[in-house]
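This report refers to the structure that appears directly beneath it.
Letters go in sequence order (proteins before strands), and every chain restarts at 1. In this text, all values refer to a predicted model and were calculated from it rather than measured experimentally.
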Amino acid sequence: GAVVSQHPSWVICKSGTSVKIECRSLDFQATTMFWYRQFPKQSLMLMATSNEGSKATYEQGVEKDKFLINHASLTLSTLTVTSAHPEDSSFYICSAQHIKGGKDGYTFGSGTRLTVV
Amino acid sequence: LAKTTQPISMDSYEGQEVNITCSHNNIATNDYITWYQQFPSQGPRFIIQGYKTKVTNEVASLFIPADRKSSTLSLPRVSLSDTAVYYCLVGDLVTGGGNKLTFGTGTQLKVEL
């Protein structure tokens with residue numbers, strides 16, 4: 001079945017530094033990838049939608065200059081949290097949609113736990 | 001995207017059947033109903049998807065009435081390992097094109113001995 005690999009699974013960084021999270025579709029091509037953020041005991045909140053070769057579309061309230069998204073190929077999207085602060089500490093999850101679409105074409109990564117100290 | 005409403009939490013015991021109902025009054029003609037399971041510190045995992053009537057796979061059944069304004073996820077004979085958050089999502093997932101999935105609050109299922 002479709003597999004999405006997310007790396008790293010956890011990261012601790014100092015306040016003010018930047019962190020990059022990778023999302024790869026391992027055995028399929030993904031036209032679209034999505035980035036979510038999840039705080040403890042809350043639901044997933046969609047941050048942005050990225051399409052290969054074009055600029056990401058950010059949800060209202062998400063700072064595009066802080067959360068940089070690059071979707072350079074049909075199998076890789078990256079999320080960079082720039083100048084991270086403690087309030088950015090969260091669980092970040094990516095999802096990839098199979099290029100053929102379809103009913104079960106959304107696969108999620110295993111998530112990245114970001115802790116900013 | 002159609003908004004969904006589901007119970008915040010449910011408790012059950014091992015071996016019991018659990019039914020989680022989701023309301024989606026504004027479901028559109030092209031929308032499918034999809035359920036995901038999420039364990040702590042993991043990404044959501046696809047459970048089942050349907051458009052109408054009943055769908056069954058190796059882990060669950062999905063019941064959808066004729067008006068499609070609600071759906072019920074049925075987990076037969078739950079075990080402790082079924083303790084998780086279950087999300088009901090409604091959207092057009094057929095045409096592709098980057099239709100985004102919006103998550104509601106989900107239902108925290110707790111299974112005890």
**Message:** Is it the case that the side chain of A:S89 and the backbone of A:V116 share a donor-acceptor pair, with hydrogens and angles ignored and the cut-off at 3.5 Å?
**Reply:** yes
**Prompt:** Per the ring pair (Phe, Tyr, Trp, His ring centres under 6.0 Å) rule, which among A:F108, A:Y106, A:Y58 passes with A:F34?
**Reply:** A:Y106
**Request:** Using non-hydrogen atoms and a 4.5 Å limit, figure out which bit of A:L44 sits close to chain B: side chain, backbone, both or neither.
**Result:** both
**Prompt:** Heavy atoms, side chains only, cut-off 4.5 Å: are B:V111 and B:S79 in contact?
**Reply:** no
**Prompt:** Counting only heavy atoms not in A:K55, do more than 12 fall under 6.0 Å of its NZ?
**Reply:** no
**Fill in**
Okay, A:Q6 and chain B: the region with an atom under 4.5 Å from a heavy atom over there is neither
**Worked verdict on A:K66 versus A:D88 for salt bridge (charged side-chain N to carboxylate O under 4.0 Å, His left out)** = CA-CA 10 Å; A:K66 181 170 183 62; A:D88 298 324; 2.8 Å; yes
**Prompt:** If you count heavy-atom pairs under 4.5 Å with chain B, which of A:I93, A:T112, A:V4 comes out on top?
**Reply:** A:I93
**Request:** Could you look at B:Y51 and say if it's the side chain, the backbone, both or neither that has a heavy atom under 4.5 Å from chain A?
**Result:** neither
**Complete:** Applying a strict 4.5 Å limit to non-hydrogen atoms, the region of B:T105 in contact with chain A is backbone
**Part of B:Q108 within contact of chain A (heavy atom distance under 4.5 Å)** = neither
